[in-house]
There are 4 protein chains.
Amino acid sequence: MPPRPDVSEQRTAQIIEAAIAVFSEKGFDGATMDDIAGRIGINKATIYLYFDSKDALIRAIAEDIFARELTDLQSARDMPAAAAERLTAFYEALIDDDAELLPLMPILYEFYALGLRRDDVRAVLSGFIRRSAGLLEAIIRDGIASGEFAPTDARAAALALDALISGTTLHWVYAPDEVDINAQLRFAVRLVLRALASDDAGPGG
Amino acid sequence: MPPRPDVSEQRTAQIIEAAIAVFSEKGFDGATMDDIAGRIGINKATIYLYFDSKDALIRAIAEDIFARELTDLQSARDMPAAAAERLTAFYEALIDDDAELLPLMPILYEFYALGLRRDDVRAVLSGFIRRSAGLLEAIIRDGIASGEFAPTDARAAALALDALISGTTLHWVYAPDEVDINAQLRFAVRLVLRALASDDAGPGG
Amino acid sequence: MPPRPDVSEQRTAQIIEAAIAVFSEKGFDGATMDDIAGRIGINKATIYLYFDSKDALIRAIAEDIFARELTDLQSARDMPAAAAERLTAFYEALIDDDAELLPLMPILYEFYALGLRRDDVRAVLSGFIRRSAGLLEAIIRDGIASGEFAPTDARAAALALDALISGTTLHWVYAPDEVDINAQLRFAVRLVLRALASDDAGPGG
Amino acid sequence: MPPRPDVSEQRTAQIIEAAIAVFSEKGFDGATMDDIAGRIGINKATIYLYFDSKDALIRAIAEDIFARELTDLQSARDMPAAAAERLTAFYEALIDDDAELLPLMPILYEFYALGLRRDDVRAVLSGFIRRSAGLLEAIIRDGIASGEFAPTDARAAALALDALISGTTLHWVYAPDEVDINAQLRFAVRLVLRALASDDAGPGG
DNA sequence: GATGAATGAGGTTTCATTCAT
DNA sequence: TATGAATGAAACCTCATTCAT
């Protein structure tokens, strides 16, 4: 914690923002501290006043990004609406964020790759995935409780939905011409909803 | 006709194998040519007799790995069995390959990340994803033709299944304790099969 | 306004000086960045703060050296004296600079060789040669205008004089025992002066 | 001396020829043994059957090239003609060899540069320069003996002529548009001949 | 808080040279 | 005689990190 929190916090945020942009473009290793500093017109050394190391910066970014993503999911969960509607709302928010989300994809995969090698990053990612599925599960559980969905393995369904979403995003990124992301995500949700509505016993059965 | 058997192909394969192992462990950037050479007890410079550059080596690995993966899928497609059975067989092969597949995951995400920045890698990945979905689609289409599945958008279903598989693998890798990969994949297939069996119009509808 | 005086220019000059010495001794290819850095007790990487690459450094040296040489010639041209005197003064300065000039010879030939392969270096050399002959030509032209020399092809005479000087320098460097550089240069100038004084039509005739 | 001289000599010559071409194009350091071997379709290692090292090859080339040049000069000296004619014949042969000589210029300067650092090369070059001036001197001396030229310092005149020739060649190479090599060389010879014809005492006087 | 200057460590790539065949 | 394969040594260049100002 640097002495003057007001300025510091701004700078911290500014650096993180710049770093996200640069890392997205060049990858964690391809990007240099100079690239990041240059993007906001400060000196490379200044970054070290706010972050201990490049690794620490990367870790901070992981926390920042995944916290933001969770926020979206959380507000979907907390919407006063039927469960099916809330799930739909969630993926629609995802798509609408198109302009925001797409540029994050490179860094996302960068994190998936890095997390398998760095424990601190792995922890952040694991937590995110767990919580992400947890939020979807909560919505599904609400739907079951309210009788909107048939009783089923909410956890498995949540995992499947989450998997569908991230898998579809991958298609979107790597074969954009072939995938109508919007239709495909809608299809995915419907797929899961139908399973929930039926009496399927889920993977645990 | 040189007296000695052509050792080139063996060396090439040997280097690729070593490189896969090292890249998985340290990432493309973290791994050095020395690491790779050291792993098979040759000199760093020898690698350059077989690959023009580190980048070329990475690219060769991409082709190698994804070709192997496709082979598995292809043999599933070509099995003389009902479509549902063939889909099931495919993901079961995936799981059985556990010991082979799991160590490849880091490199896979490494490729996903890199592909968004390097065109040659991107081309290999795009092709893989496209062909992968194409093979699943073929099986599904067979099922529809044989009356095993209800008429539906085979492409969308294939994409969904493919997405489910890669998304589930991600869970598996990052939250292994929470995910029974076997059950979860079975669940995924059943999910899609049910959609196929019904009269749902798919994402295009 | 940084508190410290701008040390950049000094460093730049220091590096160029060291590089000239090292390049003279070992040739462009034989010399390493480490050699150069070591000579002034700095780290190799520091050189890269001032020059983009070894090639850029070499190019900077070309500009530096040839600019210096031209300065000498220019001051000879601008002397308030008869043309013949000014020409004589020039080669005498050349000889007096003995201690400075001789060590530069290796690097000069290095440049002659390199310039035939590298366009940026070639441009510097071409310009130098052109301007060098141009300055001599100006002096000769003055002499003709003042009636000191007979009307003749001033350009051809200048080129001949320039050629004589560089050719003689070559002898000097490679057969120092056999050539009295001082006498030989004086002879060369006299040779040209006599041609100028006569009514010879020059090479164009 | 390899066992079978017939094949060996051919190979040796073939390698030298290839090396001259490659060295001219890329410089001594820029050229690799592979470049040279590749140019005649042999294996790099084969060169080592004929030359001990790259340095030895370079030295052999120096001897080869300068011997050839001297041959031209020698035949000019031995022509049954007046001295003035023989000098003229010499520079004319030089110009006619245009197509042969011009491509050798890069390697020539390469040698001038290298000779200042490598004793074996320096010895070859020194000898060449000395002998070259010696041949010109012989012709001039003949001219003096026959009364064709006025008595003068033949050595100084020869050196001046030699210097003029090599200096002019430099202009030619670096400012080809500005120099009519043919006219300029003729001018140079005339310049010297006039000096010889007169009663000038030369530099030694 | 900020930076210009510097560096140590290291990575990719190149290549003359060797040697078993 | 010829070569495919291999390598040790080294060079250029980069960059995260430090520190005096």
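Below, each value reflects all heavy atoms present in this structure, side chains not excepted, and no hydrogens, waters or symmetry copies. Below, read A as the first sequence line, B as the second, and so on, with proteins coming before strands; counting in each chain starts at 1.
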*asked:* Given C:L114, which partner from the list C:L125, C:V121, C:D29, C:D120 fulfils the side-chain contact (heavy atoms from CB on, under 4.5 Å) test?
replied: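 Going through C:L125, C:V121, C:D29, C:D120 one by one, the side-chain contact (heavy atoms from CB on, under 4.5 Å) with C:L114 is satisfied by C:V121 alone.
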Side-chain donor or acceptor of [X] paired with backbone N/O of [Y] under 3.5 Å:
{"X": "C:K26", "Y": "C:A21", "value": "no"}
{"X": "B:T46", "Y": "B:N43", "value": "yes"}
{"X": "B:K54", "Y": "B:A31", "value": "yes"}
{"X": "D:D64", "Y": "D:I61", "value": "no"}

Measure [atom1]/[X] against [atom2]/[N] and give the value in whole Å, please.
{"X": "D:Q14", "N": "F:dT1", "atom1": "CD", "atom2": "P", "result": "14 Å"}
{"X": "C:I15", "N": "E:dA6", "atom1": "CD1", "atom2": "C1'", "result": "11 Å"}
{"X": "B:I47", "N": "E:dC15", "atom1": "CD1", "atom2": "P", "result": "18 Å"}
{"X": "A:L49", "N": "F:dA20", "atom1": "CG", "atom2": "C1'", "result": "14 Å"}
{"X": "B:Y48", "N": "F:dA5", "atom1": "OH", "atom2": "C1'", "result": "17 Å"}
{"X": "A:I58", "N": "F:dC15", "atom1": "CD1", "atom2": "C1'", "result": "14 Å"}

Return the minimal non-hydrogen interatomic distance between [X] and [Y], and the atom names on each side.
{"X": "B:S24", "Y": "B:P106", "result": "O-CB, 3.4 Å"}
{"X": "C:Y109", "Y": "D:L116", "result": "CD1-CD1, 4.2 Å"}
{"X": "C:L57", "Y": "C:A19", "result": "CD2-CB, 3.9 Å"}

*Answer with base, sugar-phosphate or nothing: what part of the nucleic acid does D:F51 contact at a heavy-atom distance below 4.0 Å?*
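Since no nucleic acid heavy atom lies under 4.0 Å of D:F51, the category is nothing.
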*Members of residues 35-44 of chain B that approach DNA chain E, where some heavy atom sits under 4.0 Å away*: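 Only B:K44 qualify.
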_Please give me every residue in residues 25-33 of chain C whose heavy atoms get under 4.0 Å of an atom in DNA chain F, ordered by residue number._
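Heavy-atom cutoff 4.0 Å gives C:A31, C:T32, C:M33.
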*Taking five pairs at each end, how big is the angle between the two axes of the helix from E:dA2-F:dT21 to E:dT21-F:dA2, to 10°?*
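For the helix from E:dA2-F:dT21 to E:dT21-F:dA2, the axes at either end differ by 20°.
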*Distance check: side-chain N/O of D:Y50 vs OP1/OP2 of F:dA2, anything under 4.0 Å?*
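Looking at the OP1 and OP2 atoms of F:dA2, one of them is under 4.0 Å from a side-chain N or O of D:Y50.
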*Name the residue closer to the 5' end of DNA chain F, choosing between D:T46 and C:D34 according to the nucleotide with the nearest heavy atom.*
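Closest to the 5' end, via its nearest nucleotide, is D:T46.
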_Taking the nucleotide of DNA chain F with the nearest heavy atom to each, does C:D55 or A:A45 sit closer to the 5' end?_
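This one resolves to C:D55.
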_Parallel, tilted or perpendicular: rings of A:F28 and A:F23 (30°, 60°)_ =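 The arrangement is perpendicular - the two ring planes meet at more than 60°.
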*Report the relative orientation of the aromatic rings in B:Y174 and A:Y112; use parallel for angles under 30°, tilted for 30 to 60°, perpendicular for over 60°.*
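Tilted.
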*Among F:dT7, E:dA6, F:dT14, the one nearest C:R11 by side-chain distance*: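 My answer, after comparing the listed nucleotides, is E:dA6.
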*Which nucleotide, E:dT14, F:dT17, F:dC12, lies nearest any side-chain atom of A:S53?*
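Of all the options, the side chain of A:S53 is nearest to F:dT17.
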_Does any part of the side chain of D:R117, heavy atoms only, come nearer than 4.5 Å to the side chain of C:E110, both counted from C-beta?_
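Yes; the side chains approach each other to less than 4.5 Å.
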_Within-4.5 Å side-chain heavy-atom neighbours: D:Y50 and D:I16_ =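 No - every pair of side-chain heavy atoms lies 4.5 Å or more apart.
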